[in-house]
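A quick write-up on the structure given underneath.
Chain letters run A, B, ... following the sequence lines, proteins first and then strands; every chain starts at 1. Note that these values count all heavy atoms, side chains included, but never hydrogens, waters or copies made by symmetry. Keep in mind that what you see is a predicted model, and the values were worked out from it rather than measured.
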Amino acid sequence: MRRFVSIMLMLVLVLSIAACGGTGSRGNTGSRFHNTYGADWSPRELRAVAKKMILSMSRARWFKRANFARIRWVLAKEMKNDTDEHINTRVIMEKIRTGLINQYEVRFIDDEALKDILRRQKLQQSDLFDSSTVVKVGRLVGARLMIRGRVSNMRRRTGRETANFIIVRVSIVDMQTGDIRWENDYEKRKLNIRSRYR
Amino acid sequence: MVKIKKLTLFSLLTLIILLSGCFGAGRSGSVTYDRQMRRPLNLYRYLKFKKALNAFAREVNRVLRKVRVDRYIAFLDYGKFSLAAKYYKRAIKYMTICERRFLNIEGTISIREEVSSIFTNDTAKEYMLEPHEIIMISPYLALAYAAKGDYSGAYVERNRVMNRVSEYIERTRKYWLENPFARYISAVLYERQEKIQDAKLEYRKIIRASRRAGKFKADAEDALRKLGRNQNGQLVVFVDIGLAPIKKQKIYDREIETRNGIVRARFAYPVMRRFARNRIKSARIIIDGKETGESVILYNLERVVMTQFKKNESKIKSGILKRLLPRLIAQLAGQSIQRNSRSTGGKIIGALMNIGAKAGMAIERADTRSWLSLPRVIHVFRDRNVEPGEHTLKLEYLDANGRKIASSGIRKINIQSKRDIVIQHFAAPY
C-alpha cells in the first residue's frame with residue numbers, strides 16, 4: 001500500500017511539474033536572432049545584400065568611368081517583390097543608395113522627380129521593368145542609370161522544417177539605351193526547424 | 001497515526017492537482033468559445049457587421065484576455081468580421097497574426113496543455129486550425145489587400161496561397177481539400193500581373209477539380225478562353241454566402257453496473273451541424289445602377305468542412321478514450337479501495353479517487369471550436385467589359401425564388417486602365 005501511494009505521489013508530482021512548465025518555443029538553430037526570424041527575410045539579409053551589391057558594382061569597369069563623368073542615377077521606387085513575404089523592398093534600394101553616395105560619391109536624382117514623371121505619364125512602377133518605358137522615362141527624368149531589382153523566393157514546409165531559398169537580383173539599366181549595364185544576384189538558403197515542444 | 005496523516009496529505013494533494021488541472025489553461029467555468037461568439041455571430045449573420053465587431057470587442061474580448069487558448073481563433077473571426085465591415089487594415093493585422101501563430105504551432109506539443117487536457121478536456125489545448133481553415137486565411141488576406149488598393153501586398157498573399165495549396169493539397173494528395181476559391185483569386189491576380197501562363201495553369205486546375213467537385217466549371221472555362229484577350233477593364237466580385245457548419249456538443253451519460261459496483265461513464269463529443277438554413281442563395285450585381293448579372297457558385301465549403309470532420313473522427317474518438325479509460329479505472333479502483341480498506345485513510349483515498357474521477361467526467365466537454373465566420377459557399381461574378389473610370393457597385397441578395405431579401409451598401413470602384421482588374425469582396429451570411 002505504501003509503495004502504491006509513493007508511486008502515485010511521484011506520478012502526480014511529475015504531472016503537476018509538467019503542467020506548470022512554460023510554454024515558450026525554442027528553435028534549434030541556436031541564437032535568439034534565428035528564433036525571431038526563422039526562415040524569413042531578416043535584417044541580416046538586408047545588410048548582406050547591400051554590402052555585396054555595392055562591392056560588386058564598384059569593381060565593375062564602367063563604374064569608375066560613370067562616376068568620373070558625373071552621370072546621374074535614379075532609384076526605382078521599390079524592388080519587385082515575388083516572394084511570399086511582405087518585405088519592405090524600398091529599404092534594400094535605399095541601403096544600396098546610401099552606400100554608393102557615402103563611399104563613392106555617386107550622384108542620385110531625388111525619387112520625387114521619378115514619381116512625378118510616372119504620375120504625369122500615367123505609368124506605374126511595374127512599367128519600369130519594360131525597357132522601352134525605361135528609355136522614355138529616363139529622357140524625362142534626366143538620369144542616365146537606374147537601379148532596379150527583384151526579390152523572389154522558394155519556400156518549402158515539411159512538418160516542422162521550413163526551407164527558404166531567397167534570391168535578390170539587382171540590375172543597373174542605362175536609361176538612354178535600355179541596356180542592362182550590370183547585374184548581380186544574392187542567394188541565400190535558410191533553414192528553420194521548429195522545436196517539437198512549445 | 002503518522003500513516004493516516006501521510007495518506008490524508010496525499011489525498012489532499014491529489015484533489016488540489018485535479019482541481020488545478022481544471023484551471024490549467026485559464027479557462028473560466030462553462031464558457032465555451034462558440035458560446036461567447038453567439039451574439040457577435042448572430043449580428044454578423046444579420047449583416048450588421050459593425051455591430052458585430054462592437055459586440056465582439058465588448059463581450060468576447062473581456063473573456064479572451066483570460067482564456068489564452070482561444071485567443072488566436074478569436075482573432076481570426078475578428079479579422080473576418082473586419083473584412084466584412086470594410087476595415088481592411090484591421091482585417092490584415094489580425095489575420096496575419098493568426099496565420100503566423102497557427103503555422104508556428106502546427107505539429108508542436110505543449111506539455112502543459114496536454115496534461116491539462118488529460119485532467120479536463122480538449123478545450124484546455126490551444127485550437128489547431130484544420131487544413132481547410134489554414135488554406136482560407138491567405139485568400140482572404142489577398143482580398144483585403146486588393147480591397148485596400150495595395151496590389152503588391154495582394155500578390156505576396158497570392159504567393160502564400162500557392163504555397164499553402166501545394167503544401168496541404170498537392171504534395172499530400174488530399175484532393176478533398178481542393179480550394180477553387182483560393183485558385184481563382186490567384187489566377188485573377190496572376191492575370192492582373194500579366195503572368196498569363198501562371199493564370200492559365202490555375203484556371204486549368206480549377207476546371208480539372210470541377211470534375212470531382214462542383215458547378216463552378218463554366219466560369220473558369222470562360223476565364224480561360226478569354227485570357228489575355230480582354231479589351232476592357234474587369235471587375236471580379238466574390239460573395240461569401242451563409243455560414244459554414246459548426247460543431248455542437250453531444251453528451252453520453254450512462255451508469256454501468258459492474259461486479260464491484262456502479263460506475264458512471266460520461267463523455268462529450270462534437271457533431272457537425274448546419275449553422276442555420278441560409279436564405280440568401282445568390283447575388284445580383286448592379287454596376288452604375290444597371291443590373292449586370294448574377295453570381296455563380298465557386299466553392300462549396302460546407303462539403304469540405306463535413307468531409308474534414310469525418311476524417312477527424314478517429315482522432316476525436318482516441319482523445320475521448322484517453323480521458324475516459326483512466327477515469328473509469330479510477331472509479332473502479334476507488335470503490336474497491338473504499339470497500340476493502342480497513343483503515344480510515346484507505347477509505348478516504350478510495351472516496352477521493354471516486355469523487356475525482358466523477359468530477360473529471362462532470363467537466364468533460366467537447367471541443368466545439370472552429371473558424372465560425374467561414375461561409376457555407378462562395379460565389380463569384382465577373383464582368384469583363386467595364387470602361388476605365390469611376391463606377392458604383394451594389395449587390396442585391398436574392399432568395400431561392402429570385403426575390404430580393406437584402407442589399408449591400410453602394411461602393412465606389414475605380415478602373416484605372418483597360419488592363420486593370422478590380423477585385424471586391426462582400427459577405428452575405430444571412
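In this structure, the separation between CD on B:Glu157 and CD on A:Glu85 is 11.0 Å, given to the nearest 0.5 Å. Between the CG atom of B:Asn163 and the CG atom of A:Asn153 there is a distance of 7.0 Å, given to the nearest 0.5 Å. To the nearest 0.5 Å, atom OG1 of residue A:Thr162 and atom CG of residue B:Leu103 are 8.5 Å apart.
Contact check on A:Arg157 versus B:Glu106 returns a salt bridge, with a Lys/Arg side-chain nitrogen under 4.0 Å from an Asp/Glu carboxylate oxygen. The pair B:Lys195-A:Asp82 meets the salt-bridge criterion, since a charged nitrogen lies less than 4.0 angstrom from a carboxylate oxygen.
Inter-residue side-chain proximity for A:Tyr197 and B:Arg112 is flagged as unmet; no heavy-atom pair is nearer than 4.5 Å. Contact of the A:Thr158 side chain with the B:Arg171 side chain is registered, since non-hydrogen atoms from C-beta on lie closer than 4.5 Å. The closest side-chain heavy-atom distance from A:Arg155 to B:Arg160 is not below 4.5 Å. Between B:Arg100 and A:Asp40 there is a side-chain heavy-atom pair separated by less than 4.5 Å. Looking only at side-chain heavy atoms (C-beta outward), A:Arg194 and B:Asn104 come within less than 4.5 Å of each other. For the pair A:Arg196 and B:Thr108, the minimum side-chain heavy-atom distance is 4.5 Å or more.
Crowding of B:Lys322 atom NZ: a count of heavy atoms from other residues, nucleotides or ligands under 6.0 Å exceeding 12. No more than 12 heavy atoms of other residues, nucleotides or ligands lie within 6.0 Å of CD in A:Glu105, so this atom counts as exposed by the packing criterion.
In terms of modelled atom types and a separation under 3.5 Å, the side chain of A:Asp84 and the main chain of B:Val156 share no donor-acceptor contact.
Looking at B:Tyr145, only its side chain comes within 4.5 Å of chain A, counting heavy atoms on both sides.
B:Tyr155 has its ring centre no less than 6.0 Å from the ring centre of A:His86.
B:Gly107 and A:Arg160 make their closest contact through O-CD, 3.6 Å (heavy atoms, listed as atom of the first residue, atom of the second, distance).
Considering only residues two or more places apart in sequence or on other chains, A:Lys95 meets the salt bridge (Lys or Arg N to Asp or Glu O under 4.0 Å) condition with none of them. Under the rule for a side chain to side chain contact (heavy atoms under 4.5 Å, CB included), the partners of B:Glu130 that lie at least two apart in sequence or sit in another chain are B:Tyr127, B:His132, B:Glu133, B:Lys247, B:Gln308, B:Asn312.
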